[in-house]
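FYI, side chains are in, hydrogens and waters are out, and symmetry mates aren't considered; it's all heavy atoms of this structure.
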Amino acid sequence: MRLINSTARSTPADQASKLQELLAVSVWTRSLTLEQRRRIESETIVRSVPKGAYICRKGERVEYWVGVIEGLGKMTNTAASGKVTTFTGVTTGGWFGEGSILKDTHRRYDVIALRDSEIAYMPRATFMWLLDSSIEFNRFLLVQLNERLGQFIGMVEYDRLLGPDGRVAHCLAALFNPTLAPGIRPLIKISQEEIGHLAGLSRQRVNHSLKVLDEAGLVRLEYGGITVLNLEGLKKFGE
DNA sequence: CCATTAAACACCC
DNA sequence: GGGTGTTTAATGG
């Protein structure tokens with residue numbers, strides 16, 4: 001497993017345009033002044049993280065707010081026993097880590113790239129400055145935190161109420177949450193095994209559920225990925 | 001019984 | 001080589 005430091009880096013010009021892509025789909029940038037925007041662009045670091053590498057690590061001091069320009073990460077925690085639990089996926093256009101920054105604690109989870117990803121790291125100082133200077137930014141964080149809270153409440157609820165098919169459906173719907181992943185496209189490249197980790201199911205069971213969802217016309221199965229055809233249908237599946 | 005899963009295997013990209 | 005589909009044997013409600 002490679003660490004962040006050893007990951008490949010693209011050219012500065014590449015990085016700048018990739019960062020601009022991310023900022024373009026992020027809601028909180030819309031009301032920023034040119035000056036604010038320029039400061040963010042100059043202080044935020046962009047890094048290519050290869051598949052399997054850490055986007056950020058549990059226990060490290062929280063120096064950055066992290067945005068996914070392109071790619072997919074899984075948020076996990078490893079218990080002392082070695083058991084790994086996957087909390088949620090983070091995908092294109094999404095930002096995370098604000099909770100740890102606001103609480104000023106160490107990071108409580110690992111995020112591992114499930115495929116080659118482009119990641120933006122906004123320094124804590126920049127984040128705090130935005131927090132102090134932009135009402136829009138504060139509103140965005142409030143909406144984001146609320147959305148995530150809703151997602152986690154939903155996870156508990158669906159875990160207890162729904163069968164495996166419903167859990168898979170809900171898991172996929174969560175990945176495609178337009179608030180938390182505004183830049184995501186209908187086709188997502190993720191293995192069925194990883195969906196299993198997200199939903200807490202075995203690979204075969206996920207495969208079975210996906211076929212059910214496929215037959216219901218909610219998704220289309222592809223090799224190494226899934227196309228979402230009906231997000232609302234996924235959300236409501238099993239109710 | 002029935003559903004689920006781990007393990008093993010054979011395809012296919 | 002990794003992702004996928006399938007079979008088989010074991011497990012547990």
Side-chain angles (χ1 to χ4, degrees), chain A residues 1-4 6-10 47-57 68-94 109-119 152 154-177 181 183-231 233-239:
Chain A
M1 202 72 81
R2 276 172 292 185
L3 301 178
I4 274 178
S6 62
T7 59
R9 306 195 61 141
S10 39
R47 203 170 254 160
S48 300
V49 180
K51 183 176 183 176
Y54 287 99
I55 291 170
C56 61
R57 303 213 52 176
V68 181
I69 295 171
E70 169 66 51
L72 172 65
K74 61 171 173 180
M75 205 177 271
T76 66
N77 198 353
T78 308
S81 66
K83 279 187 181 168
V84 179
T85 53
T86 301
F87 296 125
T88 183
V90 287
T91 58
T92 305
Y109 46 78
D110 291 316
V111 179
I112 299 172
L114 290 184
R115 54 176 211 260
D116 293 350
S117 300
E118 292 290 326
I119 306 297
F152 279 91
M155 273 170 62
V156 176
E157 183 183 352
Y158 289 118
D159 236 35
R160 295 178 184 176
L161 292 180
L162 297 185
D165 297 344
R167 301 230 300 276
V168 170
H170 199 253
C171 243
L172 289 175
L175 274 183
F176 283 83
N177 183 312
I184 201 165
R185 284 163 316 267
L187 171 64
I188 186 171
K189 293 203 74 186
I190 183 173
S191 74
Q192 298 179 358
E193 177 151 24
E194 290 302 342
I195 296 173
H197 288 144
L198 286 171
L201 295 167
S202 70
R203 184 169 71 79
Q204 292 126 292
R205 195 58 187 79
V206 168
N207 181 257
H208 183 252
S209 292
L210 288 174
K211 281 179 180 162
V212 171
L213 298 177
D214 190 316
E215 277 159 29
L218 302 176
V219 301
R220 190 168 55 241
L221 286 183
E222 325 250 337
Y223 227 92
I226 291 144
T227 300
V228 170
L229 302 174
N230 182 351
L231 183 57
L234 279 180
K235 272 190 210 162
K236 295 201 173 87
F237 188 88
E239 278 177 9

- Query: Which is true for A:K211 with a 4.0 Å heavy-atom rule: it touches a base, it touches only sugar-phosphate, or it touches nothing?
  - Reply: sugar-phosphate
Are any of the side-chain heavy atoms of [X] and [Y] separated by less than 4.5 Å?
| X | Y | result |
| --- | --- | --- |
| A:F237 | A:L162 | no |
| A:I119 | A:V68 | yes |
| A:L72 | A:K189 | no |

- Message: Is A:K51 close enough to C:dG3 that one of its side-chain N or O atoms is under 4.0 Å from OP1 or OP2 there?
- Response: yes
- Task: Take A:V168 and A:V212 through the test side-chain contact (heavy atoms from CB on, under 4.5 Å) and record every step on the way to the result.
- Result: CA-CA 10 Å; A:V168 170; A:V212 171; over 6 Å; no
Whole angstrom is fine here: how far is it from [atom1] in [X] over to [atom2] in [N]?
| X | N | atom1 | atom2 | value |
| --- | --- | --- | --- | --- |
| A:L114 | C:dG2 | CG | C1' | 14 Å |
| A:R220 | C:dT4 | CZ | C1' | 18 Å |
| A:Q192 | C:dG5 | CD | P | 5 Å |
| A:E222 | C:dT4 | CD | P | 11 Å |
| A:L221 | C:dT4 | CG | C1' | 10 Å |

- Per-nucleotide protein contact string for nucleotides 2-13 of chain B (B base, S sugar-phosphate only, - none; heavy atom under 4.0 Å): --SBBBB---B-
- Message: Checking A:R205 against A:H208: is there a side-chain donor and acceptor pair closer than 3.5 Å?
- Response: yes
- Note on the structure: Here the pair of heavy atoms bringing A:T86 nearest to A:K74 is CG2-CB, 4.1 Å
